[in-house]
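In each ligand, atom 1 is the first atom listed, and ligand 1 is the first ligand listed.
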Amino acid sequence: MFSCQIACRIPAEEAAVRETQTEPDIAARSEEIDFPFHDLFISHTDKRGVIISGNEVFRRVSGFDWSELVGAPHRLIRHDDMPCGVFQLFWDRLKAGKGVGCYVKNKTKDNRSYWVYAYVTPIADGYVSTRQRPSSDLFEKVREIYAGLRRREREENLTPEASRDALLETLAQAGFANYEDFMACSAVRETTGRIRALGRTLPYEIREAANFATVLRPFRQGIDELERLFTSIHDAPTNIRILAAQLEQNSGPIGIISNNHTTLSQEVVASLADFRRETEAIFDAVNNAVFNVCLARILTEMVEKFETETECAPGLDFASEANILAGAAEVASRQARDHLFRMARQSRRFANATADMKRKASALDVTRIMCKIENARNPDPTGGLGQILDNLEKVQGRIAQRLSAMAKASRTITSDADLFARGRQV
Ligand SMILES: Cc1cc2nc3c(=O)[nH]c(=O)nc-3n(C[C@H](O)[C@H](O)[C@H](O)COP(=O)(O)O)c2cc1C
């Protein structure tokens, strides 16, 4: 990234050269500018996105005067590199009364550009957007994703809705189940990145939010793999029964055991859907909790900063703008707390669902071992049964590993979530 402090002073000689230039400097036009981590932007709009107010950082970095900003649509600073699909998703969420977190490239008055990570939330008369400097590795990835999406928008003439869907698809390929999953991950990474860059200690709620997000991440592949594994052994009992019918004239022990295996297997498959639902519910609770914890933190910091601000859009009452911000911070904190309690409740259900799944998988394994004992007693001369049982052993071993990891993580979440929700140090 091209790095330059926006507030840097231009040396006199350079300023003189610029004075003499008649054509705009192309390099300067495409230049990306940086701003310090401690700078936080704020803008307040009406329901249509028309700017009502903002802080000094917003005015300074954008390069516009208040007279140009106030009353103008926020698209005044829209950069042409931004995919329409991002704004489609952005407005879909805002119009549904939900907050949104996203990376945005903006343009300055002199046609340079700057990136922000923006948190936008609904308030009574419109929306408030708080923005920080992004720095995580995810930001780098998102720049690539946006560039690819913008190219597709141009080449394939994508509608904003189609572009939004393409964005969600790309995020899914990158491992994010939905946009909330991406928001939680990006918010926590940008928040922790900024706090570290400022040399501050991570507050415990951010540390815990980051921890929950990390502990849960492997679960997504976990549940998909469990479904794949259980599906792959679905036909095993039928095959065992067919072999048993050839081996045992009258229904013998292997046939009986394989019947048990079938019943247990059916139970497992039936409860997989429930297990997935519980997994999705804990993800949803954690993602919302994590995003709102980060949102509450940045808004609270913004409120503190606002108290020392000396500049506000002219004609506006400074105190009422500060109150609006404080109100938004309070709502975010309340929502963060509600989601944390939901997460705590959900984590207990999730721990139970994991334990239940583990019990069923163990019972399934016991029937396999019984089959193996019977096969050792009266070996199948074709070796077919032995092969089926060996494969079952491998698959069930993997299932047991997966479930143990999930059970361990769910115990961690359950024990920490309550304390976390109550705002106590874990
Ligand atoms: C509170 C708030 C903040 C916004 N901030 C930005 C911003 O920083 N940059 C931007 O391009 N659009 C921002 N928008 C979205 C714009 O209103 C607009 O949808 C976007 O620039 C795309 O314009 P278009 O849909 O006319 O192409 C913001 C909207 C709201 C409500």
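- Residue Ser129 approaches ligand 1 through these ligand atoms, each under 4.0 Å from one of its heavy atoms: 1 (C), 3 (C).
- Looking from atom 26 (O) of ligand 1 to the surrounding protein, the closest heavy atom is Arg75 NE, 2.5 Å.
- Of the candidates Tyr127, Phe58, Phe90, the one placing a heavy atom closest to atom 29 (C) of ligand 1 is Phe90.
- Applying the side-chain contact (heavy atoms from CB on, under 4.5 Å) test between His44 and each of Asp125, Asn55, Ile51 identifies Asp125 as the sole match.
- When only non-hydrogen protein atoms are considered, atom 27 (O) of ligand 1 lies nearest to Arg78 NE, 2.9 Å.
- Aromatic ring centres of Phe283 and Phe212 lie farther apart than the 6.0 Å criterion allows.
- The contact set between ligand 1 and Thr45, taken as ligand atoms under 4.0 Å from a residue heavy atom, comprises 1 (C), 2 (C), 31 (C).
- Scanning the protein for heavy atoms near atom 17 (O) of ligand 1, the closest one is Trp91 CZ2, 3.5 Å.
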Below 3.5 Å, can you tabulate the donor-acceptor pairs from side chains in residues 229-240 to any protein atom, sequence neighbours excluded?
{"residue": "Thr231", "atom": "OG1", "partner": "Glu227", "partner atom": "O", "Å": "2.5"}
{"residue": "Ser232", "atom": "OG", "partner": "Leu229", "partner atom": "O", "Å": "2.7"}
{"residue": "Asn239", "atom": "ND2", "partner": "Asp235", "partner atom": "O", "Å": "3.4"}

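- In this structure, atom 6 (C) of ligand 1 lies nearest to the protein heavy atom His74 ND1, 3.3 Å.
- Heavy-atom contacts of Val104 reach the following atoms of ligand 1: 9 (N) (cutoff under 4.0 Å).
- The distance from ligand 1 to the heavy atoms of Val120 drops below 4.0 Å at these ligand atoms: 1 (C).
- Note that Arg133 lies outside the cation-pi zone of Tyr117, set by a 6.0 Å cut-off to the ring centre and a 45° limit from the axis.
- Residues Ser258 and Arg241 approach most closely at OG-CG, 2.9 Å, considering heavy atoms.
- There is a protein heavy atom closer than 4.0 angstrom to atom 19 (O) of ligand 1.
- A 6.0 Å sphere centred on NZ of Lys98 holds no more than 12 heavy atoms belonging to other residues, nucleotides or ligands.
- Within the 4.5 Å cutoff, no side-chain heavy atoms of Asn292 are placed close to those of Leu340.
- Of all protein heavy atoms, the one lying nearest to atom 12 (N) of ligand 1 is Phe87 CE2, 3.4 Å.
- The Ile77 neighbourhood of ligand 1 comprises atoms 7 (C), 8 (O), 9 (N), with distances under 4.0 Å to a heavy atom of that residue.
- The nearest protein atom to atom 9 (N) of ligand 1, hydrogens excluded, is given as Asn106 OD1, 2.6 Å; this is a heavy-atom distance.
- For Phe291 and Tyr119, the ring centers are positioned less than 6.0 Å apart.
- Between Phe35 and Trp115, the distance from one ring center to the other does not fall under 6.0 angstrom.
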